[in-house]
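Beneath this line is the structure, given in structure tokens, with notes to follow.
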Amino acid sequence: MSISSSLPPSAPSLAEVLVQRTFAKPVHALIDGDMLDALVHADDAQPAVAAPDAASDAPSVDVRA
């Protein structure tokens, strides 16, 4: 059983390799600009839903005694 490392002294440690691979940029972008624009403007064609106002057709009830 050998105590010496089989890697050369200038080789990165396992932790360094894992950190580099974890934070490395992907070769291809997962989402491109066209996809981002489509996601941002997905609700533009749909009408906005307005909250009912107090002066609607609903009857008002006075609960004061």
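Worth knowing before you read on, the calculation uses all heavy atoms, side chains too, and leaves out hydrogens, waters and symmetry mates. Computed from a predicted model, the values in this text were never measured in an experiment.
- Every residue two or more places apart in sequence or in another chain was checked for a salt bridge (charged side-chain N to carboxylate O under 4.0 Å, His left out) with Asp32, and none qualifies.
- Checked against side chain to side chain contact (heavy atoms under 4.5 Å, CB included), Glu16 has the following partners two or more places apart in sequence or in another chain: Pro12, Ser13.
- Val40 forms part of no hydrophobic cluster, judged by ILVMFWY side-chain heavy-atom separations under 4.5 Å.
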